[in-house]
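So the structure is just underneath, and the comments pick up after that.
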Amino acid sequence: MVPHLHAPQNLPGLSSAGQLSLVHWPHQCEVIRDRIEHIDWTPPRPEPLYTPMGLEMKPSYQPAGEGTVIYLTEEANKDSGFVYSQVRGLSPSKQILHQNGDNTLIFEARFESGNLQKVVKVNEFEYQLTLRTDLYTSKYTQWYYFQVSNTQAGMPYRFTIVNFTKPDSLYKRGMRPLLYSEADAKKHNVGWRRTGNEIKYYRNNAGQGGQQYFSLTWTFQFPHNRDTCYFAHCYPYTYSNLQEYLVAISKDPVKSKFCKIHILCHSLARNIVYVLTITNPHEGDKDTKRKAVILTARVHPGETNTSWIMKGFLDYILGNSGNAQVLRDNFVFKVVPMLNPDGVIVGNHRCSLAGQDLNRKYKSNLKEFYPSIWYTRNMIKRVMEERDILLYCDFHGHNRKKNVFVYGCERKQQAKAPNLHPRVFPLLLSKICPDKFSFPDCRFRVQKSKEGTGRVVMWKMGISNSYTLEASICGSKLGQRRSTHFNTKDLESVGHHFCDALLDYCVPNMKYYLCLKEHEEMVKQQAKVNSEGLNSDVLDRDSSTQTSNSSDSCDLVAHQLKLGTKIKTKTSGEHIHRIAKDRSRESKNTQGIETLHKIFQELDPVGRDLNWGTIPQPIEHFISQNLFLPPTALQEMCYASERGGVRPVSGCHPPKMESRSREKEEKIHHRVKLPITASVKQVGECFRFWFSGSEN
C-alpha cells in the first residue's frame with residue numbers, strides 16, 4: 001500500500017503571522033543568532049567571465065604551525081554520524097581573535113547554509129581558507145558561503161581555498177566568485193556580483209596519503225571600510241528563503257486556491273519537506289484526465305542555482321497569464337522544491353545528514369535513513385495509480401560544464417508516439433531558450449552508475465520523459481550570452497522557458513512540428529553514420545564546444561550534419577571524407593534552387609501562382625534564416641529556375657547582374673549553403689498547415 005500524503009489545514013511550517021518555522025540543526029552545530037538576509041538585485045548587464053593573463057600566482061599550502069589561525073570550527077564533524085537535532089543549535093559568540101586596532105579580517109560561517117572550517121592569516125592581506133567537508137563524511141568540498149567583516153577598502157587582498165578535491169573546475173574556464181557588500185546593498189541597492197582577479201585553480205602541495213587537493217586563489221578589493229561582506233560559490237538560497245516564499249503563496253487569496261502546500265515528510269533532523277500540488281479547480285471527473293508533471297530540486301544542497309530555476313518555474317505557473325492558465329487546466333503539477341533541507345541548512349555540498357548522496361538512493365527501501373527520497377518515490381507511485389505522468393524532471397547544478405542541458409533515458413526500441421520520445425521536449429526547450437539551453441550537450445544514455453538516480457528509477461517505473469535538468473553554476477557559451485555568467489534572473493528565466501516548452505509540447509504548433517521533423521533528420525543522420533561503420537553516436541556525442549547559437553528550427557540538423565563530418569575513428573577515414581564531399585556537393589547553388597522550388601511545390605501543389613506579398617512573414621523569415629539565404633539570393637534562385645523551365649514564383653524579379661570579384665563570388669556562394677535538403681517535403685507540409693489557418 002502506498003502511504004497517503006498529509007494535507008493539514010494549517011501547516012505547522014507556515015505561521016499565520018508569516019514567520020518562519022523553527023529550523024532544526026544537528027545538536028553539535030554552533031549557530032549564531034544573527035539572521036542573514038540579502039536583497040534581490042540583477043546586474044545591469046551580463047557579467048563577463050575572467051580571462052586568464054598567464055601570470056596568475058599559485059600560492060603554496062601553509063601547513064599546520066605556519067601562519068596564524070584566526071577562525072576554526074570543528075564541533076560539527078566530531079561525531080561519526082547524526083544523533084539528534086535541536087532548534088537553532090548551539091549559540092556561540094563571534095570569534096574575534098585579534099586586538100583592538102588590528103586590521104585582521106573577521107570570518108564567520110556559522111549561519112544557515114554557511115560553509116567554512118578554518119582560516120589562516122598568511123600575511124597582512126593574504127588568507128588561506130579550508131572548507132568543511134559534508135557533515136559525517138570526509139569528502140565533498142565545493143560549496144562555500146561565509147561572512148567577512150572589519151574590511152579595509154582598496155587594499156589588495158588574496159584568498160586561497162586549499163581543499164577542493166576535483167581536478168577539473170569551472171574556475172579554470174573563467175568563473176569568478178560572488179561578493180555581497182552590506183554597505184552597497186544599503187546605500188546603492190546593489191546585491192550579489194562577481195569579483196576576483198588573478199583567478200587560478202590548480203593542484204597544490206597539501207595532499208597526503210594518496211589524496212590530492214586543489215586550490216582556488218583570487219585577489220580582490222573590498223568596496224568599503226568597516227563593511228560586512230559575503231563570498232559564495234553560487235547565489236545562496238536557504239531553507240528559510242523557501243519558507244518565506246511558501247508563506248507568501250499561502251497568504252495569497254488567489255494562488256492559494258490552485259496551489260496546495262502539503263507536508264511530504266520530515267527529514268532526519270525533523271525539518272519539513274514540502275510538496276506543492278498545482279492545478280486549477282476542476283468539475284466532475286475531468287481531473288482524472290489531466291496528466292501529471294513531477295518536478296524536484298535541491299537533492300544536492302550546494303546546487304543553489306536549481307532553487308532559482310524552481311522559483312522561476314513557480315512564479316510562471318502561479319501567475320495570471322493565459323499560458324499559465326492553460327497549463328493549470330491541462331496538468332496536475334507535483335513539486336518538491338527542496339528534497340534535502342538538512343543538507344541545505346548545514347551548508348553541505350552533496351549529502352544529507354546520513355552522509356550519503358540522496359540521488360543514488362531512489363532504489364532504497366530505507367525510509368528511516370532517506371525519508372524524502374522514499375516518500376517522493378511513493379508519492380509518484382500513487383500519482384501513477386490515478387493518472388498518466390507526462391514528465392518527471394529533477395533540477396541539478398553542474399560544476400564542470402557551461403550551459404543548461406538535460407540528461408534523459410532512452411531505449412534502443414523507442415516508442416513511435418512523438419510525445420513519448422525523450423528528445424523532443426529538450427529540443428523544444430533549446431529553441432525557446434537558445435542563449436542558455438544547449439541541445440547538443442544533452443545525453444540520453446542510461447549508465448550503470450546512474451541506476452539509483454531519480455531520473456533512471458522513474459524511467460524504469462514507466463515515465464518515458466524522465467529527465468535531469470543540469471544548469472551550469474557558471475554561465476553560457478551560446479549566442480549573445482557567450483562567455484558571461486548566469487545571474488538569478490537568468491536562472492529564473494530557465495524556469496519560465498521550461499513552462500513555455502511544456503506548453504508547446506502539450507499544445508502542438510508550428511514549432512513543435514518543426515522540432516519533430518528536425519529530430520527525424522537527426523535520426524536519419526544517425527542511421528547513415530551507423531550504416532557507414534562509424535562507431536559513434538552522433539546524437540549523444542559530446543559536442544559541448546560546438547553548440548548552436550540559433551533559435552531557428554533547423555539549426556541543429558546542420559550542426560549534426562557537420563558533426564557527421566568531424567567524427568574521427570581509427571578505421572573510418574574514408575567514410576568521413578565521403579560525407580564531407582557529399583556535403584560540399586549539397587551546398588552548390590543549383591541544389592539550392594531545387595530545394596527552394598520543392599518547398600514551393602509543397603506549398604502550392606495545384607499550381608496556382610504564389611506571390612511574395614501573400615506569404616506570411618514567419619515563412620519568409622524561415623526561408624531566409626534557416627536556409628541561410630539573403631533575399632537577393634532568393635530572387636536570383638527564382639529567376640534562375642525560370643530560365644531553367646521551372647514555373648517561377650510570382651513577385652520574383654531578375655536581380656541586377658553585375659561583374660563581381662572572385663572574393664565577392666566566394667562570399668555569396670558561402671551564404672547560400674543549404675543544410676536541410678533532406679526534409680524539404682516535411683517543411684512544406686508544415687507551411688501548408690500554417691496556410692490552412694490551423695496554427696495555434
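Taking the six-membered ring for Trp, His300 and His396 have ring centres closer than 6.0 Å. Two rings, from Tyr235 and Phe486, have their centers 6.0 Å or more apart. Ring centroids of Tyr245 and Tyr237 are separated by 6.0 Å or more, keeping the two rings apart. A distance below 6.0 Å separates the ring centres of Tyr407 and Phe405. Aromatic ring centres of His233 and Tyr144 lie closer together than 6.0 Å. In this structure, Phe498 has its ring center closer than 6.0 angstrom to the ring center of Phe425.
A donor-acceptor contact shorter than 3.5 Å links the side chain of Arg443 to the backbone of Asp441. Side chain of Ser466 to backbone of Ile463: no donor-acceptor contact under 3.5 angstrom is found. Proximity of a side-chain donor or acceptor of Lys172 to a complementary backbone N or O of Pro167 within less than 3.5 Å is detected.
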### Query
Passes side-chain hydrogen bond (donor to acceptor under 3.5 Å, both in side chains), Asp134 versus Thr137? Steps please.
CA-CA 6 Å; Asp134 282 7; Thr137 77; 5.2 Å; no
### Message
Could you walk me through whether Asp500 and Tyr316 satisfy the side-chain hydrogen bond (donor to acceptor under 3.5 Å, both in side chains) test, starting with their C-alpha distance in whole Å, then the side-chain angles of each, then the deciding distance to 0.1 Å, before giving a yes or no?
### Response
CA-CA 9 Å; Asp500 290 331; Tyr316 187 111; 2.7 Å; yes
### Full working for side-chain hydrogen bond (donor to acceptor under 3.5 Å, both in side chains) between Arg423 and Asn465
CA-CA 9 Å; Arg423 297 177 188 256; Asn465 293 317; over 6 Å; no
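Atom SG of Cys474 and atom CZ of Arg194 lie 6.5 Å apart (nearest 0.5 Å). Here His496 contributes atom NE2 and Lys489 contributes atom NZ; the two are 7.5 Å apart, rounded to the nearest 0.5 Å. Interatomic distance, CD1 of Ile249 versus CD of Glu244, reported as 12.5 Å (0.5 Å rounding).
Under the ring pair (Phe, Tyr, Trp, His ring centres under 6.0 Å) criterion, Tyr362 pairs with no residue at all, not counting sequence neighbours. For His497, the ring pair (Phe, Tyr, Trp, His ring centres under 6.0 Å) criterion is met by no residue, not counting sequence neighbours. Under the side-chain hydrogen bond (donor to acceptor under 3.5 Å, both in side chains) criterion, His485 pairs with no residue at all, not counting sequence neighbours.
Ser472 and Asn403 are not linked by any side-chain donor-acceptor pair at a separation below 3.5 angstrom, with hydrogens and angles left out of the test.
In this structure, Arg328 satisfies the cation-pi test against Phe258, with its NZ or CZ atom closer than 6.0 Å to the six-membered ring centre and inside 45 degrees of the ring normal.
Under the side chain to side chain donor-acceptor pair (under 3.5 Å) rule, Arg290 has a single partner from Asn280, Asp388, Asp329, Thr279, which is Thr279.
Contact detail for Trp143 and Gly347: the closest heavy-atom pair is CD1-O, 3.4 Å.
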